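Just so it is clear, the model here is predicted, and its values are computed rather than measured.
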Amino acid sequence: MKISLLIIAGGKSSRLGTDKRFVEIGGIGMLENILRKASAVDFAEKFLCVEEELPALKSLAEKFGVKILVDKIHDAGAMSGLANGLARIKTDWALAVSADMPFFEFDAVLPLTKKFSTVQAVLPVVGGKFQPLAAFYRRNLAELFYDELLNGQRKLLTAIKKIPHELVELSARENFFNVNTRADLQLARGRAANLNRKTPIISIVAPESGTGKTTFIERLIKILSAQGIKIGVIKSDAHGFNLDVEGKDSYRFQSAGAESVAVISPKSWFMIRQTTTRADFQEVLDVMTGVDLIFTESRTKNIFPTISLWRGRGEVIADDKVAAIFTSEPFKSTEIIRCDINDLSAAERLCKFLGGL
């Protein structure tokens with residue numbers, strides 16, 4: 001069956017504060033990322049649905065061989081681009097995909113094509129959430145969507161409920177992760193950084209000692225190890241260390257189930273079953289093999305992505321390496337994900353997402 005592709009790339013990016021189509025994640029703009037992936041798929045037609053034909057959009061369309069369609073009804077959201085696209089395709093069905101899903105893979109929605117026979121739209125449901133901009137639509141829905149817009153209705157799901165449609169449960173939640181806020185962007189960039197690493201790394205930091213970094217990591221090791229995920233830990237210690245002594249952090253990490261533990265000081269580093277006089281972080285990474293995820297623990301030296309722990313010690317501050325903050329103090333921000341410091345379920349989910357697990 002031949003299917004057309006509609007990349008929905010309008011909108012104002014108001015929550016992000018900048019045009020997210022050109023925001024880079026993993027070294028590539030989000031719109032270019034989805035266009036590059038689409039170029040490897042044999043669609044009958046490919047359209048880029050936008051509100052305005054900017055020079056940068058025209059350049060990308062030419063680079064990847066897609067046609068630009070400018071919305072007929074402006075400031076009307078995704079439904080306007082979808083209606084315009086469906087009115088132009090020559091195939092019976094189109095896949096509509098948002099441009100703000102950096103980890104979307106087209107293979108993820110293939111199961112939906114088995115549901116075409118008796119419906120007009122097929123949508124994935126992931127974690128209980130509908131995904132109307134990673135869904136399939138019949139061409140004849142263009143008229144319905146235009147009517148809805150002319151009647152002042154801009155909500156896509158409201159229109160879909162008026163037609164025969166099918167919902168398909170999918171489990172790969174990361175494929176449908178949308179970037180709408182600065183906090184989303186930080187998470188996406190953290191995950192992308194790890195997808196480009198041989199072994200994913202998450203840095204656990206705190207503004208001062210006594211915040212509970214060791215206990216936090218120890219609990220995460222137990223949770224993830226019980227699921228078959230092999231964990232390595234690299235601890236930074238500016239004051240030197242005792243090797244694998246009961247009660248010390250390295251001993252606690254190993255006892256919790258860590259596959260490999262290393263401690264680094266300014267003069268040397270120690271790794272369970274191996275000792276050297278060199279103190280190079282990359283060298284430690286090179287020898288820490290056979291693990292699925294590495295935690296680093298330090299006070300100040302952090303890498304991206306970072307989880308920062310705060311426990312009632314004044315104003316919460318985060319730099320551009322922090323993907324999430326776990327704190328005992330309530331605060332609201334669209335700049336960064338905030339979780340309760342004792343919410344290990346959230347920590348588990350976050351580590352799996354950031355680690356690409």
May I ask you to test the [X]-[Y] pair for a side-chain heavy-atom distance under 4.5 Å?
X	Y	result
Trp310	Ile341	no
Trp93	Thr113	no
Leu185	Val179	yes
Leu354	Leu187	yes
Leu170	Phe176	yes
Leu350	Ile307	yes
Ile325	Ser308	yes
Ile34	Phe106	yes

Quick one: pull up [atom1] in [X] and [atom2] in [Y] and give me the separation to the nearest 0.5 Å.
X	Y	atom1	atom2	answer
Arg154	Asp75	CZ	CG	7.0 Å
Met30	Met101	CE	CE	11.0 Å
Arg139	Ile89	CZ	CD1	6.5 Å
Arg36	Leu31	CZ	CG	11.5 Å
Leu167	Phe130	CG	CZ	4.5 Å
Phe103	Arg173	CZ	CZ	15.0 Å

Would the distance check show the side chain of Glu45 and the main-chain N or O of Lys90 forming a donor-acceptor pair, the cut-off being under 3.5 Å? yes
For Thr306 and Ile303, indicate whether the former's side chain and the latter's backbone hold a donor-acceptor pair under 3.5 Å. yes
Is [Y] reachable from [X] through a run of I, L, V, M, F, W or Y residues, each pair having side-chain heavy atoms under 4.5 Å apart?
X	Y	value
Leu110	Val122	no
Phe145	Leu48	no
Leu293	Ile217	yes
Leu16	Leu133	no
Phe295	Ile229	yes

Could you check whether atom [atom1] of [X] has more than 12 heavy atoms from other residues, nucleotides or ligands sitting under 6.0 Å from it?
X	atom1	value
Arg197	CZ	yes
Lys46	NZ	yes
Lys72	NZ	no

Can you find a side-chain donor-acceptor pair between Lys162 and Gln153 that sits under 3.5 Å? no
Ignoring hydrogens and geometry beyond distance, is a side-chain donor-acceptor pair present between Asp71 and Asn84 at under 3.5 Å? no
Under 4.0 Å between a side-chain nitrogen and a carboxylate oxygen: does that hold for Glu32 and Lys63? yes
Decide, yes or no, whether a salt bridge links Lys2 with Asp42 under the criterion of side-chain N to carboxylate O below 4.0 Å. yes
Run the side-chain contact (heavy atoms from CB on, under 4.5 Å) test on Ile337 and Gln186 for me, step by step, so that the C-alpha distance in whole Å, both residues' side-chain angles and the decisive distance to 0.1 Å come before the verdict. CA-CA 9 Å; Ile337 295 295; Gln186 284 291 89; over 6 Å; no
Just one of Leu123, Leu95, Val168 clears the side-chain contact (heavy atoms from CB on, under 4.5 Å) bar with Leu112, so which one? Val168
Evaluate the side-chain contact (heavy atoms from CB on, under 4.5 Å) criterion for residues Leu224 and Lys352: first the C-alpha distance (whole Å), next the side-chain angles of each, then the deciding distance (0.1 Å), finally the verdict. CA-CA 9 Å; Leu224 297 173; Lys352 287 181 178 178; 4.1 Å; yes
May I have the step-by-step check of side-chain contact (heavy atoms from CB on, under 4.5 Å) for Ile3 and Thr91, ending in yes or no? CA-CA 6 Å; Ile3 297 171; Thr91 58; 5.6 Å; no
Between Phe177 and Phe353, what is the ring plane arrangement, given parallel below 30°, perpendicular above 60°, and tilted in between? tilted
